[in-house]
Amino acid sequence: MKKEIRFCLDKMHEMFPEAACELNHENPFELLVAVVLSAQCTDNLVNKVTKELFQKYKKPEDYVAVPLEALQQDIRSIGLYRNKAKNIQKLSQSLLDRYNGDVPRTKEQLMELAGVGRKTANVVASVAFGEPAIAVDTHVERVSKRLGICRWKDSVNEVEQTLMRKVPKDEWSDTHHLMIFFGRYHCKSRNPNCPECPLLQLCREGQKRMKKRDAANTAVLK
DNA sequence: AACTCGGGGCA
DNA sequence: TGCCCAGAGTT
């Protein structure tokens, strides 16, 4: 089983040798804000907004100091901007209250912060601090289920547990980014692109889809 | 487990 | 136009 995972990761790496976190990860606080903003919206758009945002806001104090409406206006081109502005202010306040304005390292500490859930906590912990964590987003979940690494009915939590069990610990962070790229550019939710997939031979969903396609083709020929 | 927030991108 | 997107909180 682990051998198959190894094969998948190697092939994904061949397809996307540049796969890495596209968000700024030099500054943990900026990474945290960027990941919060990125929920349900493309990273392209997030990058556009954060470019100006990070010129204006440097530290948690800066986000807390402005009226909520001002911050909302500054991120208005992003979806869910009202909630996100609120969350960032609450988040900044709790960083000031509990960590003197610094960003904590572990995913447990991060997840306790306002507006920070499981995925955000895992991304920040692993990317900014090198903590062992696998962030499971929609791409990672879909790819894992299609390949057969986990079961269709598994919850996000179960997917994460399974991946942590099957993937060597020192590759958790890479695995996340590889699956993101693979899911976004190849194994898309609508179009998995199975006929041109290097993982087809061992992919559960791919085999099923190809079999179905072959059946449809032979039916047409008759 | 389902619902809500939400503007931009893409077909 | 209609559908989807590097999610989290509430019910």
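So you know, we letter chains A, B, ... as the sequences are listed, proteins then strands, and number each from 1.
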Value rounded to 0.5 Å, distance of CG in A:Leu71 from CG in A:Leu53: 6.5 Å
d(CZ, A:Arg82; C1', C:dG7) in whole Å: 18 Å
Shortest non-hydrogen contact from A:Ala34 toward A:Val46: O-CG1, 3.8 Å
Proximal nucleotide (of C:dC5, C:dG7, C:dA6) relative to the A:Ser189 side chain: C:dC5
Nucleic acid contacts of residues 70-81 of chain A, taken as heavy-atom distances under 4.0 Å to DNA chain C: A:Leu80
Shortest non-hydrogen contact between A:Ser189 and A:Arg146, atoms and distance: O-NH2, 2.8 Å
d(CD, A:Glu141; P, C:dC5) in whole Å: 12 Å
Of residues 43-60 of chain A, the positions that come close to DNA chain B - non-hydrogen atoms, cut-off under 4.0 Å: A:Leu45, A:Lys48
A:Leu202 side chain near A:Cys8 side chain, heavy-atom distance below 4.5 Å: yes
Whole angstrom value for the distance that separates P of C:dG7 from CD of A:Glu160: 15 Å
Whole-Å P distance, C:dT1 and B:dG6: 24 Å
For atom CG of A:Asn87 and atom C1' of B:dT4, their distance in whole Å: 13 Å
Beyond-backbone contact of A:Leu113 with A:Lys90, side-chain heavy atoms, under 4.5 angstrom: no
C1' spacing across the pair B:dA2 / C:dA6, given as an integer number of angstrom: 22 Å
Rounded distance (Å) that lies between atom C1' of B:dT4 and atom NZ of A:Lys84: 13 Å
Side-chain heavy atoms of A:Glu205 within contact of A:Lys208, under 4.5 Å: yes
A:Asp137 side-chain proximity, nearest of C:dC5, C:dA6, B:dG6: C:dA6
Closest-nucleotide ordering on DNA chain C, the 5'-leading residue of A:Ile180 and A:Val116: A:Ile180
Between C1' of B:dC10 and OH of A:Tyr185, the distance in whole Å: 14 Å
Ring centroid separation A:Tyr99 to A:Phe29 under 6.0 Å: no
Atom pair CZ (A:Phe181) and CD (A:Glu18), whose distance is rounded to the nearest 0.5 Å: 8.5 Å
Non-hydrogen side-chain atoms of A:Val66 and A:Tyr57 separated by less than 4.5 Å: yes
Inter-residue atom distance A:Asn27.CG - A:Leu31.CG, 0.5 Å rounding: 8.5 Å
OP1 or OP2 of B:dG8 under 4.0 Å from side-chain N/O of A:Thr42: no
Atom-to-atom span, CG of A:Leu32 to C1' of C:dA8 - whole angstrom: 13 Å
Touch class at under 4.0 angstrom, heavy-atom based, for A:Val36 against every strand present: nothing
Gap between atoms NZ and P, on A:Lys188 and C:dA6 respectively (whole Å): 12 Å
Short side-chain N/O contact to C:dC5 OP1/OP2 from A:Gln40, under 4.0 Å: no
Between C:dA8 and B:dG8 - P atom distance, rounded Å: 22 Å
